[in-house]
Amino acid sequence: MRQDEDRTYDFPAIEARWQKTWEETNAFRAPDDSDRPKYYALEMYPYPSGRIHMGHVRNYSIGDVIARFKMMRGFNVLHPIGWDALGMPAENAAIKSGIHPQKWTMDNVAHMKAQLKRMGFAYDWSREVNTCLPEYYKWNQWIFLKMHERGLAYRKESWVNWCPACRTVLANEQAAGGACWRCSSGVEQKKMEQWVLKITDYAEELLSGHAQLGKWPEHVLAMQKNWIGRSEGAYLNFEVPSIKKSIRVFTTRLDTIFGATFLVLSPEHPLVDELVRGPREARLRQWVAKTVAAARAKREIGEADKEGIDTGVTAVNPFTGKPVPVWLANYVLMEYGTGAIMAVPAHDGRDFDFAKKYGLPVVEVVVPEGGSPSPRESAAELFEDAGVLVNSGPYIGLTSYEATKKMAAWANGNGFGEPAVTYRLRDWGISRQRYWGTPIPMIHCPACGIVPVPYEDLPVEIPYKAEFTGESGSPLEKIASFVNVACPKCGRPARRETDTMDTFVDSSWYFFRYTSPDTGALPFTRAAADKWLPVDLYIGGVEHAILHLIYSRFFTKLLRDLGLTTLDEPFPHYLAQGMVLKDGTAMSKSKGNVVDPDEMLEHYGADALRLFILFASPPEKEFAWNEDGIEGCYRFLGRVWQLYQEIKPLRTEAEAPASFSPDPAAFSRLRKKIHQTIRKVGEDIEMRFHLNTAVSAIMELANAVRKEKDILRGSGDGRVLLGEAMETLILALAPFTPHISEEMWRGMGRESLVLRAPWPKFDPELAREELAVVVVEINGKVRDKFETAHDTSEEAMKTAALDLPRIRQLLEGTTVRKVVVIKGKIVNIVV
RNA sequence: GCCGGGGUGGCGGAAGUGGCAGACGCAAGGGACUUAAAAUCCCUCGCCCCGUGAGGGGCAUGCGGGUUCGAUUCCCGCCCCCGGCACCA
């Protein structure tokens, strides 16, 4: 760790000075009425947990480079920030230390805001959004009421994911893998009534919308696609004569229907109650009760052994007319499809395992083209692909594809089935039994039922006075003044809903609010949204690939259908930033490997920290922290500062000493480097987002200046060029290290801010190498090289190559069989 | 199991389109300055071999094949690592 007296440049003073200037001049304000083209740069807003961490620093540094670069490119840049300020940590802090969630949150916001300012991020703070303020969450409630009107918000009793540690319900997305997304506790299953948003209405569009997301990382789209889980197939009804009802199944393999030797229902299936009646009822009911409980518990951990029981009832296979036994088993999920399946053990590993265990028949009905049925010993040997049908009555010989089509038509025509599409995606449960969230604006009236809070009564504010005991149940339930309310319909005493909303509701539309943060009439104004959206570049951690990013897409489509926007997709370009690691794992308090940004700011300053975090690794890759790296970037800035100190006075000094003569080679080398750097840095930032290589190109320019400066300072032309090189260096650094860049820009005699300076232009002619280096290979191995004009003909290149002394020597005694010449690049001699 | 993404020096990483592999930085070693240290500056730096030296040669982008005058890049087959989903019918 470096000592203060070692500073090669006074970053504390420089950074403070420019942060003050930016603030005083509202330098980052994005006017709504500018003629310049708009650019909306957005990074995921933070949860105000207390302090910013390196993940934030990385995320926001990447976004800041883009925002500042676009400003220099002449765009009217909207670069806002805000706070995802509702959520459980605030409430947990209240339980632990007695600080009110509001105070805790607002104090954290104040602290983190100061930290972000010390990083020098170019935010338009006039658009700051804070979701824990009633003026924000009022609109969560407003949107919820609109959804309720349209039947998109409804109440549902169901098994829900329950986190015992957080003591609240979780959405499926938040309980992926059976673990709470926030605290990693094992999730339990509980039957509860809760509020649900009908995201499944948009399942198809969320999937087809991917076509518009060409600038998203492949794997994020894959994850979403997976999550939505679209599945094409058919519903098919099996008559059960004994109860005069039919069992409906969903299958994607209608072509295997002749091999459906039994049906399996989930023990939670609604027909179970009827099916179990009869002589074995007691035993069956006991099995069902046991299995439901066990399955609920086991599903958290993973795979359970397949267990089942025969109901003794038979259904009729509608294609064969033959009876098939109806079983109940733990491996069929009530949540997916219809909760019942037709089991085809010959072509499905799970059904096969089950059939083997209980001695059920296996009938092979599909074989590979040219193949024939053969006994299979294990699930791994099964033929599970599409093929050609056998043992399938009138469909024998058809391909799976043809058979599926004909069978679907036949089932449809005879009224016992139809084509269908199902999704894995399920509706979004948003009820949370917590205090520090948006109150769901509903009232339970004994007479009128569930009544929405009238729009004019919004917001339903979170009551300030509450008890935070950590006991089960929401603190809101115990606040009489909150709970007791007159029914808006009949005026009689009623109870207010005490569930609050999942905070992912807040973050599903905050990017709209930034466009008109002060409007009181609607969540946002149509004009502002139309002007600024979509977000041109959205940057954030890939951990939100399915949660936040799918909810936001859903809300955008919903808001569109409410007429508030015309937008289909909010984020056409998403840059998934990689994780910040140390010692091979993610930084986290529990692992004790956290590097505090404040400490780095203290020792190296914001510019060095920003530069390092951008230089060490490309944005989408993981970034491994190491202290020596930031040391190196700090040293680099020190060298730039030295160059600036040396070059600055050359501009104003008298004529260059005549005793030196200009060195034309050095002059054109540096001039070329200047133009190449402008091109490379601009392209790396704008086209490829390769910020690490942009930084290395800037370093190369600095190295070139250092190397040539002592020769060039001897002539007037050389001095002018050195000044130009220094200014290029400053401009190129400006998006990365804005403070030191402003300081040097001012020092070079420039009046306006460097962030207002236009990004420099390069001259392609000057950026071009004047001579091409031609590599000469013999049998693909480099043997020599020579320089020549770019437009040297292939014939001349060949002659020149064969004439090189070294090549002539090496070719002695061999026969040249072939010579491959690529203009301006290579001559490969094959012998 | 399925779906995605990766394997390049001691390390982080470069190499838009098949054409000099290892840019830039870190670490390391040597040197200058210094009473000394820090800071700073200069030089060396993929591995192996031959040569006293200048220099020369071979091997190298996870492994094995293929296409090509030429492959880190394209194709086929394996191995390993990371991420996501996981009884989804």
Side-chain angles (χ1 to χ4, degrees), chain A residues 2-3 5-8 176-178 217-227 229-231 233 249-253 256 264 295 299 302-306 329-333 335-344 348-351 353-354 379-380 422-426 542-543 545-546 578-579 612 615-618 620-633 635-636 638-639 642 683-684 687-688 690 692-700 702-703 706 773-785 817-822 824-831:
Chain A
R2 144 186 318 267
Q3 302 299 309
E5 56 267 29
D6 299 334
R7 275 178 201 146
T8 46
E218 224 19 82
H219 67 284
V220 174
L221 292 179
M223 275 190 241
Q224 290 203 354
K225 191 176 169 188
N226 224 325
W227 193 263
R230 185 181 196 274
S231 199
V249 304
F250 175 73
T251 179
T252 55
R253 289 300 302 274
T256 62
V264 190
R299 257 168 223 165
E303 214 160 300
D305 282 339
K306 288 180 180 57
N330 62 349
Y331 77 96
V332 174
L333 304 173
E335 298 83 4
Y336 185 78
T338 62
I341 63 160
M342 61 179 222
V344 185
D348 181 294
R350 296 156 300 175
D351 296 343
D353 289 341
F354 191 76
T422 60
Y423 300 88
R424 207 188 77 121
L425 182 73
R426 274 171 262 154
V542 73
E543 64 272 17
I546 33 190
M579 291 206 304
F612 172 54
F615 171 61
S617 169
E620 69 281 1
K621 247 185 115 161
E622 3 180 88
F623 159 80
W625 180 267
N626 89 315
E627 180 94 22
D628 292 330
I630 190 169
E631 206 35 82
C633 285
R635 281 202 297 258
F636 168 74
R639 287 196 293 271
Q642 283 305 321
E683 286 179 1
D684 278 356
M687 327 276 290
R688 311 201 291 163
H690 287 191
N692 56 327
T693 54
V695 173
S696 77
I698 296 169
M699 288 174 168
E700 283 186 54
N703 291 345
R706 261 149 56 88
V773 178
V774 177
V775 175
V776 184
E777 297 178 348
I778 297 176
N779 288 342
K781 286 190 200 295
V782 181
R783 292 303 179 206
D784 206 350
K785 51 189 78 169
R817 298 215 318 256
K818 187 176 175 184
V819 180
V820 179
V821 184
I822 305 294
K825 276 190 178 166
I826 205 163
V827 177
N828 189 13
I829 303 160
V830 185
V831 297

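Each chain gets a letter, A, B and so on, in the order the sequences are listed, and its residues count up from 1. Basis for what follows: all heavy atoms, side chains included, without hydrogens, waters or symmetry-related copies.
B:G9 and B:G13 have their C1' atoms separated by 11 Å, with the value rounded to a whole Å. Separating the P atom of B:C26 from that of B:C43 is a span of 14 Å, rounded to the nearest Å. Of the P atoms belonging to B:G53 and B:U61, the separation is 29 Å, rounded to the nearest Å. A gap of 28 Å separates the C1' atoms of B:G83 and B:G25, to the nearest Å. Rounded to the nearest Å, the gap between the P atom of B:A28 and that of B:A39 is 11 Å. Using C1' as the reference atom, B:G62 and B:G6 are 11 Å apart when rounded to the nearest Å. Rounded to whole Å, the separation between the P atoms of B:C24 and B:C59 comes to 27 Å. Distance noted for atom P between B:A15 and B:G22: 13 Å (whole Å).
Both tests do not hold together for A:Lys306 against A:Phe354: distance to the six-membered ring centre under 6.0 Å, angle to the ring axis within 45°.
Not a single donor-acceptor contact under 3.5 angstrom links the side-chain atoms of A:Glu218 to the base of B:G5. In this model, a side-chain donor or acceptor of A:Lys785 finds a partner on the base of B:C20 within 3.5 Å. Between the side chain of A:Lys225 and the base of B:C3 there is no donor-acceptor pair of N/O atoms closer than 3.5 Å. Judged by distance alone with a 3.5 Å cut-off, a donor-acceptor contact links the side chain of A:Asn828 to the base of B:C69.
Between A:Arg635 and B:C26, a side-chain N or O to OP1/OP2 separation shorter than 4.0 Å is present. Residue A:Lys781 places at least one side-chain N or O under 4.0 Å from the OP1 or OP2 atom of B:C59. Considering only side-chain N and O atoms, A:Asn692 lies under 4.0 angstrom from the phosphate OP1 or OP2 of B:A14. For the pair A:Arg783 and B:G56, the criterion of a side-chain N or O lying under 4.0 Å from OP1 or OP2 is not met. Distances shorter than 4.0 Å separate some side-chain N or O of A:Arg688 from OP1 or OP2 on B:A15. Within the 4.0 Å cut-off from OP1 or OP2 of B:A89, at least one side-chain nitrogen or oxygen of A:Ser231 is found. Using a 4.0 Å cut-off, some side-chain N or O of A:Arg424 falls inside it from OP1 or OP2 of B:A86.
Checking A:Lys818 against A:Met699, the closest nucleotide of RNA chain B that is more toward the 5' end is the one next to A:Met699. Two residues, A:Val830 and A:Gly632, neighbour RNA chain B, and the one matched to the more 5' nucleotide by heavy-atom proximity is A:Gly632.
Within 4.0 Å (heavy atoms only), A:Gln642 reaches no atom of the nucleic acid at all. Contact annotation for A:Arg817: no contact, since no heavy-atom pair falls under 4.0 Å across all strands. Among the protein residues, A:Pro217 comes within range of no part of the nucleic acid, since none of its heavy atoms lies under 4.0 Å from any strand. Contacts of A:Arg706 with the nucleic acid, taken as non-hydrogen atoms under 4.0 Å apart, involve only primed sugar atoms and P, OP1 or OP2.
With its glycosidic angle more than 90° from 0, B:G51 adopts the anti conformation.
Closest contact between the side chain of A:Ala616 and the listed nucleotides B:G12, B:A14, B:C87 involves B:G12. You'll find that the side chain of A:Pro618 is closest to B:G13, out of B:C24, B:G13, B:C26. Picking from B:G84, B:G19, B:C24 the nucleotide with the shortest atom distance to the side chain of A:Met223 gives B:G84. Which of B:C85, B:G13, B:C3 sits closest to the side chain of A:Ser617 comes down to B:G13. The side chain of A:Val332 lies closest to B:A89 when the candidates are B:C41, B:A89, B:C85. Taking only side-chain atoms of A:Asn703, from C-beta outward, the nucleotide of B:C24, B:A89, B:C41 with the closest atom is B:C24. Comparing B:A89, B:C3, B:A14 by their closest approach to the side chain of A:Phe250 singles out B:A89.
Ring pair A:Phe612/A:Phe636: centre-to-centre distance not below 6.0 Å.
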- prompt: RNA chain B in dot-bracket, Watson-Crick or G-U pairs under 3.5 Å, [ ] crossing, | other strand?
  reply: (((((((..(((......[....))).(((((.......))))).(((((....)))))..(((((..]....))))))))))))....

